[in-house]
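We use all heavy atoms of the structure for the numbers below, so side chains are in, but hydrogens, waters and symmetry mates are not. Below, chain A is the first sequence line, B the second, and so on; all start at residue 1.
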Amino acid sequence: MPETNKTSISNLKDNVGAEVTLQGWLYRGRKSGKVLFLVVRDGTGLCQCVVEKGAIPDEVFEELKRLGAESSLTVTGTVRVEERSVGGFELAVTGAKIVSPAIDYPITPKAHGVDFLLKHRHLHLRSQRQWCIGKIRHTVIDAIRRFFNDNGFTLTDTPILTAMVGEDKQSLFEVDYFGTPIHLTQTGQLHVEAAAMSYGKVYCFGPTFRAEKSKTRRHLTEFWMVEPEVAYIDLDGLLELAENFVSFIVAQVLEQNKSQLETLSVDIDALEKIKPPFYRLTYSEAVEILTGEKTKEFMAGELTELQSRKAEIENRISELEEQQKGQLKQWQKDKNAAELSELQNELTEVDTKIQNNPKHAELAAEFRWGKDLGGSDETIISRMHDKPIFVTHYPKETKAFYMKADRKNEKVVLNFDLLAPKGFGEIIGGSAREDDFDLLAARIEAQGLEAEDYQWYLDLRRYGSVPHGGFGLGVERTVAWITGEKHIRQCIAFPRMMDKVYI
RNA sequence: UCCCCGAUAGCUCAAUUGGUAGAGCGAGCGGCUGUUAACCGCUAGGUCGUAGGUUCGAGUCCUACUCGGGGAGCCA
């Protein structure tokens with residue numbers, strides 16, 4: 001094989017007309033007599049490579065014709081613009097070398113179930129959809145760091161092994177630490193508060209562990225969370241910080257991952273709306289909305305919409321089923337079958353929503369001030385809006401001990417949740433921290449926490465206490481929201497779920 | 001922990017009131033010089049999740065268990 005320019009698929013646009021060599025894997029192959037169409041992936045994208053019989057030695061042509069999916073290979077050829085090809089470029093192959101042939105690659109171009117794909121996660125990462133999500137996750141994480149680094153924040157790494165309970169004792173993973181029980185961190189917040197008193201503006205960013213027995217599309221037992229903490233800030237300041245932060249992340253993804261968003265068929269217009277200011281609601285206002293006419297009408301409207309969607313789906317299903325009975329080309333049958341199975345899935349989902357709608361409407365209507373906002377309540381608020389919504393000033397009793405009581409209304413704390421729009425739900429939780437020594441000491445005692453363990457935390461109020469606060473943003477939830485992925489397990493390379501760790 | 005649903009070929013799914021286990025994809029062989037989840041022909045591929053029960057007869061009905069999915073609570 002001639003020595004030519006090694007390049008990547010992402011750089012093909014600068015090599016039109018040149019002979020280059022790609023190093024990658026066979027994503028998919030098609031053959032048509034004396035022409036082979038090999039779609040090659042190299043980690044930077046996909047490229048169709050066209051092999052004409054006679055353009056390369058016959059034995060290489062025969063080898064390529066039989067090459068299994070995900071075989072590794074290098075291909076050399078001339079780059080040309082070709083509209084019909086994925087990515088817009090094509091390689092007219094002049095030479096190829098098989099690096100390592102793959103036989104019986106388990107993941108095929110047809111549909112697979114969730115369990116199967118999770119069991120083959122190490123291979124599934126090579127698929128288009130996963131690849132796109134991973135690229136977007138990378139941008140999200142890069143944007144997180146850049147935002148804080150460019151705005152005067154100092155990174156402080158907080159411990160993963162800790163004796164502190166930040167949120168809730170029930171949800172801790174216990175580890176044996178030289179004979180003493182200790183647990184995996186569920187938040188870096190308490191430690192990062194100490195750092196904020198040194199640097200002013202800080203953030204920690206790392207894995208977080210929660211042993212919550214939650215089997216839902218919004219939960220992982222190990223996830224990544226970034227937690228900024230700022231000295232001399234009030235609740236309004238925090239909201240402003242959070243909306244600028246989230247808007248920056250979305251803007252970065254829009255700038256750097258357009259093609260991935262398109263591949264994932266994300267609603268890009270909706271993302272372009274994500275700019276400050278976000279909506280602001282107090283908890284009490286949220287309660288009013290939930291128990292009021294507006295929600296009643298909204299839920300009724302949703303139900304009508306769901307029912308007409310259901311009718312639509314059912315019509316289409318019977319239409320397709322009728323077609324399937326007739327004489328059709330195999331490819332048409334395949335296509336119909338695929339559409340049918342998608343419709344069946346959607347139908348099940350719509351049915352569940354129809355069933356849940358009255359229950360959720362009832363829960364919302366019966367909501368009483370003082371309870372924590374339930375998942376369905378958050379979803380309703382979130383579905384009513386097209387931009388993220390802050391919900392602030394929750395009842396003190398439902399919230400963590402360190403949240404600052406509102407001096408104007410001692411029943412509530414100066415906290416906030418940020419709900420992503422269109423039904424996605426919570427991606428940020430944060431608060432101003434109690435900075436009064438006596439009030440904080442009383443809260444620690446009231447919650448039955450070991451006072452001794454929290455002496456250092458109280459020291460932060462003994463020596464130069466200032467108003468301060470921060471929040472935590474869940475990386476996987478943010479990625480899921482931006483990519484439109486239903487389940488956050490798709491948004492981390494190797495998800496850890498309750499009772500289930502595949503590899 | 002509670003509620004709902006599911007388990008049939010490597011994968012995704014069919015199998016009528018209980019009556020001879022099927023299709024597509026994938027794999028193998030052959031055909032086709034512009035395919036896009038290509039197409040056409042042929043071939044191989046099964047302990048119907050496990051254990052019991054009902055029945056002349058069970059993939060189908062009953063019971064228990066195992067595994068999985070979705071939802072609730074809780075949360076990022």
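- Partner assigned to rU43(B) is rA27(B), using Watson-Crick or G-U wobble distances below 3.5 angstrom.
- Checking rG10(B), rA27(B), rG34(B) against the side-chain heavy atoms of Asp104(A) singles out rA27(B) as nearest.
- In this structure, rA58(B) forms no base pair with any nucleotide, since neither Watson-Crick nor G-U wobble geometry is met with both distances under 3.5 Å.
- A donor-acceptor contact shorter than 3.5 Å is absent between the side chain of Arg477(A) and the backbone of Ile488(A).
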Step-by-step side-chain hydrogen bond (donor to acceptor under 3.5 Å, both in side chains) determination, Tyr394(A) to Asp417(A)
CA-CA 9 Å; Tyr394(A) 281 60; Asp417(A) 280 352; 3.2 Å; yes

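- In this pair, Tyr283(A) and Trp369(A) present their aromatic rings perpendicular. The plane angle is above 60°, beyond the 30 to 60° band.
- For Arg218(A), counting side-chain heavy atoms from C-beta on, the closest listed nucleotide (rC75(B), rG10(B), rA72(B)) is rC75(B).
- Looking at the side chain of Arg30(A), the nearest of the listed nucleotides rU35(B), rA76(B), rC32(B) is rU35(B).
- Phosphate contact (OP1/OP2 of rA38(B), side-chain N/O of Arg84(A), threshold under 4.0 Å): absent.
- Minimum atom distance to the side chain of Arg210(A) is reached by rA76(B), of the listed rA38(B), rA76(B), rC11(B).
- Pairing of rU33(B), defined by two Watson-Crick or G-U wobble distances under 3.5 Å, is not identified with any nucleotide.
- Within the 4.0 angstrom heavy-atom criterion, only backbone atoms of the sugar-phosphate kind lie near Ile427(A); the bases stay farther away.
- A close approach under 4.0 Å does occur between a side-chain nitrogen or oxygen of His487(A) and OP1 or OP2 of rG70(B).
- In a base pair of the Watson-Crick type (N1 to N3 plus N6-O4 or O6-N4) or a G-U wobble (N1-O2 and O6-N3), with each distance short of 3.5 Å, rC74(B) is matched with no nucleotide.
- Among the nucleotides rG73(B), rG34(B), rU33(B), the one closest to any side-chain atom of Gln48(A) is rG34(B).
- In a base pair of the Watson-Crick type (N1 to N3 plus N6-O4 or O6-N4) or a G-U wobble (N1-O2 and O6-N3), with each distance short of 3.5 Å, rU17(B) is matched with no nucleotide.
- Checked by distance alone, His219(A) brings a side-chain donor or acceptor within 3.5 Å of a matching partner on the base of rC75(B).
- In the set rG70(B), rU33(B), rA38(B), the nucleotide with an atom closest to the side chain of Arg217(A) is rG70(B).
- Under the stacking criterion of a centre-to-centre distance below 5.5 angstrom and an interplanar angle below 30°, Phe37(A) is not stacked against the six-membered ring of rG34(B).
- Under 3.5 Å, the side chain of Arg80(A) and the base of rG34(B) form at least one donor-acceptor pair of N or O atoms.
- Spacing of C1' atoms, rG45(B) relative to rA21(B), comes out at 13 Å, to the nearest Å.
- The shortest distance between the side-chain N/O atoms of Arg66(A) and the OP1/OP2 oxygens of rG30(B) is below 4.0 Å.
- The aromatic rings of His112(A) and Phe116(A) lie parallel to each other, with less than 30° between the two planes, well short of the 60° mark.
- When the nucleotides rG73(B), rU33(B), rA76(B) are ranked by their closest atom to the side chain of Ser32(A), rU33(B) comes out on top.
- For the pair Arg477(A) and rA76(B), the criterion of a side-chain N or O lying under 4.0 Å from OP1 or OP2 is not met.
- Under the Watson-Crick or G-U wobble criterion, with both distances below 3.5 Å, rU63(B) is paired with rA51(B).
- rA38(B) is unpaired under the Watson-Crick or G-U wobble criterion, no partner having all donor-acceptor distances under 3.5 Å.
- Taking the six-membered ring where the residue is Trp, His385(A) and Tyr279(A) present tilted rings, their angle falling between 30° and 60°.
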